[in-house]
Structures are given as structure tokens and as C-alpha cells.
Amino acid sequence: MTDRLNKGQQTILFLNRRGYAGFVSCRSCGEVMKCPHCDVSLSEHKGGRLICHYCGYTQPMPKLCPKCGSKYILGFKAGTQQIEEKLKELYPGVRTLRMDADTTRTKDSYEKILSSFANGEADVLIGTQMIVKGHDFPNVTLVGVLAADLSLNENDYRAGERTFQLLTQAVGRAGRGGLPGEAVIQTYQPDHYAITCAAAQDYESFYQEEILYRELSGYPPVAHMLAVQIYGKEEENVKQLALRLTDVVKSNMDFLSGKQKEQSNKKIQVLGPAPANISKINDIYRYVFYVKHAEYDVLVEVKDRLEETLRQWQPRQMSIQFDFDPVSVL
């Protein structure tokens, strides 16, 4: 960055805030606390509990890292404002622009920030995902990606895919003019395939690694997944309905028809129920469970059976949604 400032060239600092509230990791070795059943990171909740939002697995916050024994185990948090302040400490007089949810609330603020940076009114643009998607700044020769692990360890099976997308976009912002560009990625996991393939802009290699993970874990697009989401104002009622519906799937396999019936009992997987990733929105509690199977039609039959059961039970003041192969687990 010192080199670029001396040359009058521009820098973009991208804070990867996706998954921002989520994972817990060791600051010494980078080990992330993961669910032993779902291979996604555990989320930190009040009371010192770590929870998996797929299957409901919980464990207390460890006092020592299970891998290296370090006591430096913390949730990962960062913000663009703190980065801007630190940057001005390191480089007094540096001209900065910050683009995040706080600075783009007013009308036209998004365009004003981008046009100001394009016109050379700032040396460094600091921001979140919105600064790496498709913008073309010929004088940008350096991109710094801060905390790539935030999305890499999001508690979602698509975490690697989303990280690769974001980093590929971010790396592609440097060197778009006549000057050569460079990107620097900050991560605790420099050998992870999502990081190395994004740095090399190598989609084919990433796909080969990611599709193998999906095959081993039974996640889309190799298999199919049905998310059953239950919403209501009374948390206990929502939880109990989620448990009862899960039992319907587990204990009533006879509704699976046709050629799949003989083998479906072995192949169907039920994860949960558990509080949704965001467990409460606007005083509405949210629970979710997942049903996985290689055949999409089987999951359609699961959904139909659950809808029939709900018509019989007629639960009050609660709503249920079905989402096939959900894009997001929030």
C-alpha cells in the first residue's frame, strides 16, 4: 500500500463481512469450531453455547483449542470503520472513502462514493461486498482482502462456493487498466482450496474440490435438500411443532411410493430441528429442519405428506414454509 500511495495509484480494501456474526476460531492456529455431524461451523450464542443451525448440535464454548491447546479462542468480529481509523493512523493524510451499509443509506450515496473514487478523490476505498461486484477503476493496482475466513467459515454448506465467488470478484478489481495489478488475501487458512483457487482464478480446480465435498456430505447439487421452516410468536409452540413434524418424516416412511420405496429408508436424512440461523426476527421465532435425499421426487412426497398432516392438525398462529434446495439458510 505504501508503494501504491507513493506512485499515486489507488487501493481497494475489501472486508469480507459475510458470516460476520458467526464462527469461533483459535487465534493461534486458525482452527474453527465445527459441527461433528454437518461439517459447518458452529455459531456462538448467549450463555457460552455453540450451536449448529442444521442439526441442533450444541456444545459449551471450549476454554482451550482442541487442536493446539491455545487459550485464544474467540468469535471473529471486524468492521470497516475500525479499519478506516487504523488506516489513518498508519498513513496520516491518506484520503479514504468508506462504502458499507452505514455510508450508503441516503439517496444517491452509493453512486457518489463510486464516482468520487473513480475521479481520483481518494487513495483507498474501504468497503464490504458492494465494492467488489463489477466496478472498473483503471487506477486501482492493489486489492487487499481482509478476513477471508469470515465467509469461508460461515455456517452454511455453500460457504466455500460463496467465498470463491467473492474472492474471485475482489481479485479481479486490480489491474483493470494499463497498469499491472496485485491482490493480497488475509486468511488463517491459506491452503484452503477456495482461497488458493480464487487467488489463481482457477474455476475448474475449485469445482473439482467442491463437488467432491458435496458428494461426500450429500448436499446439493449432488443430492437434494428440503428446508422446512416454522415461524410463530410463541417459541415453545414453534419448537414443539418442529419436533412433531420431524417425527412425522422419521416415523412414516410408508408414504414414499414407487421404485424408491425399498431403499428410501436408508437414504433419507433428517437434520434438526434447530433454531434458524437468525432465530428471531421482529418478535417471530424461527425453527428449521432439513430433509436430504438423492431423489427430488421423494422430497416432494415428504412435503405433500407434511402439508396433509398440517391440514389435520391446524396449528394456530404459526406458519410453515417449504424451500427446496435453499440458496440461503438464514
Side-chain angles (χ1 to χ4, degrees), residues 1-23 25 27 74-154 159 162-177 179-188 194-195 198-199 278 328 330:
M1 191 181 296
T2 302
D3 176 67
R4 297 326 194 265
L5 290 171
N6 290 337
K7 291 178 178 177
Q9 298 170 7
Q10 292 175 300
T11 298
I12 288 178
L13 290 181
F14 163 52
L15 174 62
N16 184 14
R17 278 189 64 171
R18 188 178 181 93
Y20 166 64
F23 71 96
S25 68
R27 292 300 188 271
L74 300 165
F76 210 125
K77 295 184 179 180
T80 51
Q81 192 169 352
Q82 294 95 312
I83 291 167
E84 185 178 36
E85 291 170 359
K86 188 65 178 178
L87 187 63
K88 289 181 176 179
E89 281 181 31
L90 293 170
Y91 299 101
V94 67
R95 299 174 302 161
T96 63
L97 283 169
R98 180 163 52 92
M99 179 177 280
D100 54 25
D102 292 330
T103 61
T104 55
R105 285 178 179 171
T106 59
K107 185 181 179 182
D108 301 328
S109 56
Y110 181 85
E111 290 78 8
K112 287 178 181 177
I113 294 171
L114 291 178
S115 61
S116 295
F117 189 63
N119 293 333
E121 296 173 23
D123 306 304
V124 182
L125 175 62
I126 306 160
T128 50
Q129 296 162 22
M130 61 184 78
I131 69 171
V132 299
K133 303 205 172 178
H135 306 305
D136 193 349
F137 303 113
N139 199 37
V140 171
T141 59
L142 176 64
V143 170
V145 180
L146 306 178
D149 303 83
L150 285 180
S151 65
L152 188 58
N153 295 304
E154 189 178 16
R162 288 179 173 140
T163 299
F164 177 79
Q165 289 173 343
L166 282 171
L167 296 190
T168 302
Q169 290 168 343
V171 169
R173 296 309 101 207
R176 299 185 68 83
L179 299 169
E182 185 179 7
V184 179
I185 299 173
Q186 179 196 55
T187 174
Y188 279 101
I195 304 286
I278 302 174
S328 173
L330 293 178

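These numbers were taken from a predicted model, which means no experiment stands behind them.
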Cut-off 3.5 Å, side chains only: do Arg4 and Thr11 have a donor facing an acceptor?
no

Report the residue from Leu114, Thr80, Ile12 that forms a side-chain contact (heavy atoms from CB on, under 4.5 Å) with Met99.
Leu114

Only counting residues at least two apart or in another chain, list the ones meeting salt bridge (Lys or Arg N to Asp or Glu O under 4.0 Å) with Glu89.
Lys86

To the closest 0.5 Å, what do you measure between CZ (Phe137) and CG (Asn119)?
10.0 Å

With sequence neighbours left out, the residues meeting salt bridge (Lys or Arg N to Asp or Glu O under 4.0 Å) with Arg98 are Glu84, Asp100

Can you sort out the partners of Ser109 under side-chain hydrogen bond (donor to acceptor under 3.5 Å, both in side chains), two or more places apart, ordered by chain and number?
none

Atom pair OG/CD of Ser116 and Glu111 - distance to nearest 0.5 Å
11.5 Å

Check whether any side-chain N or O of Glu182 sits under 3.5 Å from a backbone N or O of Val143 as a donor-acceptor pair, and report yes or no.
no

Should Val145 and Leu167 be marked as a side-chain contact (heavy atoms from CB on, under 4.5 Å) after you check the CA-CA gap, both sets of side-chain angles, and the distance that decides it?
CA-CA 8 Å; Val145 180; Leu167 296 190; 3.4 Å; yes

Please confirm whether the backbone N or O of Thr141 pairs with a side-chain atom of Gln9, one donor and one acceptor, at under 3.5 Å?
no

I'd like to know if the side chain of Asp123 reaches the main chain of Arg95, judged simply by a donor and an acceptor atom lying under 3.5 Å from each other, with no hydrogens or angles considered.
yes

Quick one, Phe117 with Val140, criterion side-chain contact (heavy atoms from CB on, under 4.5 Å). Give me CA distance, side-chain angles, the key distance, then yes/no.
CA-CA 10 Å; Phe117 189 63; Val140 171; 3.6 Å; yes

Residue list, side-chain hydrogen bond (donor to acceptor under 3.5 Å, both in side chains) with Thr2, at least two apart or on another chain:
Tyr91

Spacing of Ile83 atom CD1 and Thr96 atom OG1 [to the nearest 0.5 Å]:
11.5 Å

side-chain contact (heavy atoms from CB on, under 4.5 Å) between Arg27 and Leu74: does it pass, once the steps are laid out?
CA-CA 7 Å; Arg27 292 300 188 271; Leu74 300 165; 3.9 Å; yes

side-chain contact (heavy atoms from CB on, under 4.5 Å) between Leu13 and Leu125, worked out
CA-CA 6 Å; Leu13 290 181; Leu125 175 62; over 6 Å; no

In chain order, what residues pass the salt bridge (Lys or Arg N to Asp or Glu O under 4.0 Å) check against Lys7, with sequence neighbours excluded?
Asp3

Closest contact, heavy atoms only, Leu152 versus Ala159:
O-CB, 3.5 Å

Could you measure the distance from the CD atom of Gln186 to the CG atom of Leu15? Nearest 0.5 Å is fine.
9.0 Å

For a 4.5 angstrom cut-off between non-hydrogen side-chain atoms, does Ile185 reach Val171?
yes

Is there a side-chain contact between Val124 and Gln10 in this structure, where contact means two heavy atoms from C-beta onward sitting under 4.5 Å apart?
no

Rounded to the nearest 0.5 Å, what separation is found between the CZ atom of Phe14 and the CG atom of Leu146?
9.0 Å

Counterpart residues, side-chain hydrogen bond (donor to acceptor under 3.5 Å, both in side chains), relative to Gln81 (two or more places apart)
none

Could you tell me the separation between the CG atom of Leu87 and the CD1 atom of Ile126, rounded to the nearest 0.5 Å?
5.0 Å

